[in-house]
Amino acid sequence: AQSVTQLDSHVSVSEGTPVLLRCNYSSSYSPSLFWYVQHPNKGLQLLLKYTSAATLVKGINGFEAEFKKSETSFHLTKPSAHMSDAAEYFCVVRGGGATNKLIFGTGTLLAVQP
Amino acid sequence: GAVVSQHPSWVICKSGTSVKIECRSLDFQATTMFWYRQFPKQSLMLMATSNEGSKATYEQGVEKDKFLINHASLTLSTLTVTSAHPEDSSFYICSARVFTGELFFGEGSRLTVL
């Protein structure tokens, strides 16, 4: 069965410093992995996705994530945080077989300090 | 990208009443929509998969008679919480799948049952 573990429930960074949000996955298949962002009172927005092409995936708003099979990780990074990046971030794996379901991690709340 | 709209965004109701939440795909047709529930500070849990013109597929542990899902058209799915109780208070989110397989999420509907 597929699952994802987000290692940090809260991350706080200063504006202009790098962001690292950690995610480890478990999958018996070659997984499809996603990062979604949820701003307060807004729907989830897809940041980026990995679907077995390039292991370094670039997303919107300067975010990127690297798929590392040896470490079963898919950490989300950004070189320089902006105040508008403050939100909740979800690491997601797509279920295998015929289900095609999305399985969400518990989320990481990113705070950006001025 | 595609737009998914939920209505209402916030609803308060008395215990024992029923509440209907709508999920609309505004600029595309969605044969499949998904309903999620998000508890405070927790991840999204898939409740059911809604297929246009057929019965919804519910996840294990979700009461189908409690959470009625109707997907009567290619642009509208509804979730009705019947005989709502305070423990049904939650954030309900829908998503719709476009032909590429990508999912787009609604803004969510916050239900508070008094």
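Quantities reported herein were computed from a predicted structural model and do not represent experimental measurements. Just so it is clear: chains get the letters A, B, ... in the order the sequence lines come, proteins before strands, and each one is counted from 1.
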| Hey, is the main chain of B:Arg24 close enough, under 3.5 Å, to the side chain of B:His7 for a donor-acceptor pair? | no
| task | Name the region of A:Gln6, side chain, backbone, both or neither, that has any atom closer than 4.5 Å to a heavy atom of chain B. | result | neither
| task | May I ask you to test the A:Cys23-A:Trp35 pair for a side-chain heavy-atom distance under 4.5 Å? | result | yes
| field | Part of A:Tyr36 lying under 4.5 Å from any heavy atom of chain B | value | side chain
| note | Under 4.5 Å to a heavy atom of chain A? For B:Gln38 that would be side chain
| request: Assess the side chains of B:Ser109 and B:Trp10: does a donor N or O sit below 3.5 Å from an acceptor N or O? | output: no
| said: Once you measure the plane-to-plane angle for B:Phe105 and A:Phe104, does it fall in the parallel (<30°), tilted (30-60°) or perpendicular (>60°) bin? | reply: perpendicular
| query | Donor-acceptor pair, A:Thr108 side chain versus A:Asp8 backbone, under 3.5 Å? | reply | yes
| query | Checking B:Lys66 side chain against B:Val81 main chain: does a donor-acceptor pair fall under 3.5 Å? | reply | no
| Does the distance from a Lys or Arg side-chain N to an Asp or Glu carboxylate O, for B:Lys20 and B:Glu22, drop under 4.0 Å? | no
| said: For residues 43-65 of chain B, give me every residue with a non-hydrogen atom less than 4.5 Å from any non-hydrogen atom of chain A. | reply: B:Ser43, B:Leu44, B:Leu46, B:Glu59
| For residues A:Gln2 and A:Ser27, is any side-chain donor paired with an opposing acceptor at under 3.5 Å? | yes
| message | Under 4.5 Å from any heavy atom of chain B, what part of A:Leu46 do you find: side chain, backbone, both or neither? | response | side chain
